[in-house]
Every structure is written in C-alpha cells, then in structure tokens.
Enquirer: 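My questions will all concern the structure given below.
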Amino acid sequence: MPSPRRFRSEKSRPSAFWILAGLLLPFMNAAARFRIVDGDKFPRSGAFVLAPNHYSEIDPIVMGVVSWKLGRQPRFLAKASVFEIPIVGLILRSSGQIPVQRGGSVRGSEPVKAAQRLAARGQMVVVYPEGTLTRDPDLWPMRGKTGAVRIALEQGIPIVPAAHWGTQHVLERYSKKISFFPRKTIAVKIGDPVDLSAFRGRSLDTATLNEATAVVMQAITGLLEDLRDEKAPVKRWNPAEHNQKETGRFEA
C-alpha cells in the first residue's frame, strides 16, 4: 500500500516571500502575539479569496503574517502608487502582488486578469470587501464593495471570510505611530467558505453582486462579533449617508 502523499506548504518553496517574511516577521512578532481561531478552516491548497475586515493601515501586514503562519503565500490587491516606490515596488511585483488603479479606463482590467492567473495557478488572493478602512466609528465592518465576490463568482473559487481584532492597539486608524510596548494580542478568526451557490449561474449585474457582497459582509461581521464578544449595529455603516468620501482619510 503506497504511503500517503505528504503535504508541502507554499512557504517551503523559495520565493520573494522569504525576503518579506525575513523583514516583517521579527517586527510583527515583537509588536504582537497572534491568537488564531479556527485556523483549520484556512485552505492549505487551491485558489480562494480571503475576505477580512479592514480598520488599520497595518491590516495587510497582519493578514499576510497570518496567511504565512498558516502555510500560504498571500497576494493582495494593492494601490498602484505603492508599486512606484523604489525597492518596495520590486519586492511587491516579484512576490505576485497586484497593482490596482484608483481610477481611469484600466481600473478594472488588471485585477480581472490577475484573478484569472491566480485561479489557474491555485493561488490565494486577499481582497478587502470594504475597499478602504471602515468609516464606522466603532470599527465595525461597513458597507462592502463587490470586488471580492466578483472574483470568486467569475473564477468559480471559494471566498473565505476572516476577522481580526487587536490590530488597532498596534496602529490606530490613520495613526503614524506604532505601539510596541506592552506587546499586544491580535486575535484572528477564520470562517467557513461563504455559500454563494444561490448566485452562481446568475448574471453578475449590480443587484446580484451587491446581494452576494451583503452575505459576505454578514459573515465577516459575525466572526468579529465572536472575537469582540459584542453585537454589531443592526444597520451597516454607509459612508454616503454620512457625507463621507469612500477613499482617502477622513475624520471620525
């Protein structure tokens, strides 16, 4: 009887992620300890979209560290302007990060092409459904945008919700000062893949995508409620109803 095939994690293969891990892991482990809940629900292989909540500018590093700890190489949709920074841009491109234009005619083309490549290669991508830091004054997930579910539905891959809490103690929303002492705890909870079967095969019009996005946001919010041991507001925060821009900084 042949022996079972041993699983080999992505991070065991040499890549530019080794450079990123070498730079970021000591820094993040000094700033915080990570408590990962239901890490077994995090797919160890195959293409999928990871959809977390977003309330601190250091969130991508947090979720990148968590993905790496769980054996996957994280890839993000990131602002194209970041790729223009010397050395940083080179590392981002070599590690497969995906530049996204904020506006213009090419705004949606590169993410779609990148999603196709990721799905074909069985890779993961981290997409923040909120699109930017939440405007909710109590840091609950706000109204989501449709990019994450569009990728999942178009590529036929799972979308896995996640929530984290404690990052704000390391770096507050829009703050430029990182707090190292005392060492913080960041709790992260991974959810079951969101059931989008009701939307597959349907025309991906605005109504369908918004409906599917609401289901994903509810899943993310539920995970955060568990971590915070609180109930989120019944109505999700909508920046448009509070005369807030949906991009850039704002005053809470």
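Values in this document were obtained by computation on a predicted structure and should not be read as measured data. Numbers here simply count residues along the sequence, with the first being 1.
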Enquirer: Rounded to the nearest 0.5 Å, how far apart are CG of L204 and CZ of F199?
Expert: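 Interatomic distance, L204 CG to F199 CZ, rounded to 0.5 Å: 11.0 Å.
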
Enquirer: Using only atom types and a distance under 3.5 Å, with no angle test, would you say the side chain of Q123 pairs donor to acceptor with the backbone of R117?
Expert: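 The answer is no, because no donor-acceptor pair under 3.5 Å joins these two groups.
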
Enquirer: Start with the C-alpha distance between I178 and V170, add both sets of side-chain angles, then the distance that settles side chain to side chain contact (heavy atoms under 4.5 Å, CB included), and finish with yes or no.
Expert: CA-CA 6 Å; I178 294 177; V170 177; 3.9 Å; yes

Enquirer: Step by step, would you call L50 with V127 a side chain to side chain contact (heavy atoms under 4.5 Å, CB included)?
Expert: CA-CA 6 Å; L50 181 65; V127 183; over 6 Å; no

Enquirer: How long is the span from the CG atom in L25 to the CH2 atom in W18, to the nearest 0.5 Å?
Expert: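 So the CG of L25 and the CH2 of W18 are separated by 13.0 Å.
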
Enquirer: State plainly whether one hydrophobic cluster holds both V149 and M142, where clusters connect Ile, Leu, Val, Met, Phe, Trp and Tyr through side-chain heavy atoms under 4.5 angstrom apart.
Expert: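 No.
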
Enquirer: Nearest 0.5 Å please: distance from the CE atom of M217 over to the CZ atom of R143.
Expert: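 It is 10.5 Å, given to the nearest 0.5 Å.
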
Enquirer: Is it the case that over 12 heavy atoms from other parts of the model lie below 6.0 angstrom from the CD atom of Q155?
Expert: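 Counting other residues, nucleotides and ligands, CD of Q155 exceeds 12 neighbours.
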
Enquirer: Can the positive tip of R35 be found less than 6.0 Å from the middle of the six-membered ring of W165, inside 45° of the ring normal?
Expert: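 Output no; distance or angle outside limits.
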
Enquirer: Looking just at side-chain N and O atoms, do R173 and T134 make a donor-acceptor pair shorter than 3.5 Å?
Expert: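 Their side chains do not contain a donor-acceptor pair, so the 3.5 Å distance test is not met.
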
Enquirer: Verify the cluster assignment for I61 and Y128: are they in a single hydrophobic cluster under the rule of side-chain heavy atoms below 4.5 Å apart?
Expert: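 Same cluster.
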
Enquirer: For a side-chain contact (heavy atoms from CB on, under 4.5 Å) with P52, tell me which candidate from D59, V126, V62 qualifies.
Expert: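 Among D59, V126, V62, the one that satisfies the side-chain contact (heavy atoms from CB on, under 4.5 Å) with P52 is V126.
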
Enquirer: Mind checking whether E57 and S175 have side chains closer than 4.5 Å, heavy atoms only?
Expert: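 E57 vs S175: side chains apart.
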
Enquirer: Kindly determine whether V188 and M63 satisfy side chain to side chain contact (heavy atoms under 4.5 Å, CB included), including the steps that lead there.
Expert: CA-CA 9 Å; V188 182; M63 295 312 300; 4.3 Å; yes

Enquirer: Side-chain donor-acceptor pair under 3.5 Å between W237 and Q244, yes or no?
Expert: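 Yes.
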
Enquirer: Classify the ring geometry of F48 against F42: parallel below 30°, tilted from 30° to 60°, perpendicular beyond 60°.
Expert: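 Perpendicular: the ring planes of F48 and F42 meet at over 60°.
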
Enquirer: Report whether L224 and I36 are members of the same hydrophobic cluster (ILVMFWY, side-chain heavy atoms less than 4.5 Å apart, transitive linking).
Expert: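 L224 and I36: separate clusters.
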
Enquirer: So, for E130 and N53, which heavy atoms are closest and what is the spacing to 0.1 Å?
Expert: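 What the structure gives for the nearest pair is OE1-CA, 3.5 Å.
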
Enquirer: Among the clusters formed by ILVMFWY side chains lying less than 4.5 Å apart, do L227 and L223 turn up in the same one?
Expert: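 They do not share one cluster, since no chain of ILVMFWY contacts under 4.5 Å joins L227 to L223.
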
Enquirer: Over all heavy atoms of both residues, which pair between P193 and P161 is shortest? Give the atoms and the distance, please.
Expert: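 Answer, listing the atom of P193 first, then P161: CA-CD, 4.4 Å.
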
Enquirer: So which heavy atom on A198 is nearest to which on R202, and how close?
Expert: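 In this case the closest contact between A198 and R202 is O-CD, 3.2 Å.
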
Enquirer: Look at atom CG of D205 and say whether more than 12 heavy atoms of other residues, nucleotides or ligands are closer to it than 6.0 Å.
Expert: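 Yes, the 6.0 Å shell around CG holds more than 12 heavy atoms from other groups.
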
Enquirer: For residues V37 and I220: do they belong to one hydrophobic cluster (side chain heavy atoms under 4.5 Å, members Ile, Leu, Val, Met, Phe, Trp, Tyr)?
Expert: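 Each belongs to a different hydrophobic cluster.
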
Enquirer: Might you confirm whether atom CG of D40 has over 12 heavy atoms from other residues, nucleotides or ligands at distances under 6.0 Å?
Expert: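 Enclosed: over 12 neighbouring heavy atoms sit under 6.0 Å from CG of D40.
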
Enquirer: What residues form a salt bridge (Lys or Arg N to Asp or Glu O under 4.0 Å) with D138, not counting sequence neighbours?
Expert: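 Salt bridge (Lys or Arg N to Asp or Glu O under 4.0 Å) list for D138, sorted by chain: empty.
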
Enquirer: In Å, rounded to the nearest 0.5 Å, how long is the span from CH2 of W140 to OG1 of T221?
Expert: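 Atom-to-atom, W140:CH2 and T221:OG1 are 7.5 Å apart.
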
Enquirer: Assess whether a salt bridge exists between K189 and E225, defined as any Lys/Arg side-chain N lying under 4.0 Å from an Asp/Glu carboxylate O.
Expert: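 Between E225 and K189 there is no salt bridge, as every charged N stays at least 4.0 Å from the carboxylate O atoms.
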
Enquirer: Which distance, rounded to the nearest 0.5 Å, do you find between the CD1 of I186 and the NE2 of H164?
Expert: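 So the gap between those two atoms works out to 8.0 Å.
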
Enquirer: Would you sort out whether R72 and S67 count as a side chain to side chain donor-acceptor pair (under 3.5 Å), showing the intermediate values?
Expert: CA-CA 5 Å; R72 298 300 299 265; S67 299; over 6 Å; no

Enquirer: Has T185 got a side-chain atom pairing as donor or acceptor with R33's backbone, closer than 3.5 angstrom?
Expert: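 Not confirmed, T185 side chain does not pair with R33 backbone.
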
Enquirer: Taking the six-membered ring for Trp, are F27 and F180 parallel (under 30°), tilted (30 to 60°) or perpendicular (over 60°)?
Expert: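 Taking F180 first and then F27, their aromatic rings stand perpendicular (interplane angle over 60°).
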
Enquirer: Between N210 and T213, does any side-chain donor sit less than 3.5 Å from a side-chain acceptor?
Expert: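 Side chains of N210 and T213: no pair found under 3.5 Å.
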
Enquirer: Test side chain to side chain contact (heavy atoms under 4.5 Å, CB included) on H169 and S179; report intermediate values, then the result.
Expert: CA-CA 7 Å; H169 300 309; S179 175; over 6 Å; no

Enquirer: About how many Å separate CD of E211 and CG of L196, when rounded to the nearest 0.5 Å?
Expert: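 It comes to 10.5 Å.
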
Enquirer: Apply salt bridge (charged side-chain N to carboxylate O under 4.0 Å, His left out) to E241 and R236, showing your working.
Expert: CA-CA 11 Å; E241 296 176 354; R236 202 172 308 286; over 6 Å; no

Enquirer: For the backbone of L70 and the side chain of R44, can you confirm whether one donor and one acceptor N or O come within less than 3.5 Å of each other?
Expert: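 Here the side-chain-to-backbone pair exists.
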
Enquirer: Check this for me: does any side-chain nitrogen of one of E154 and R200 sit under 4.0 Å from a carboxylate oxygen of the other?
Expert: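 Looking at R200 together with E154, the answer is no, because their closest N to O distance does not fall below 4.0 Å.
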
Enquirer: Regarding Y55 and Q168, do their side chains bring together a donor and an acceptor under 3.5 Å, going by distance alone?
Expert: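 Present: a donor and an acceptor within the cut-off.
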
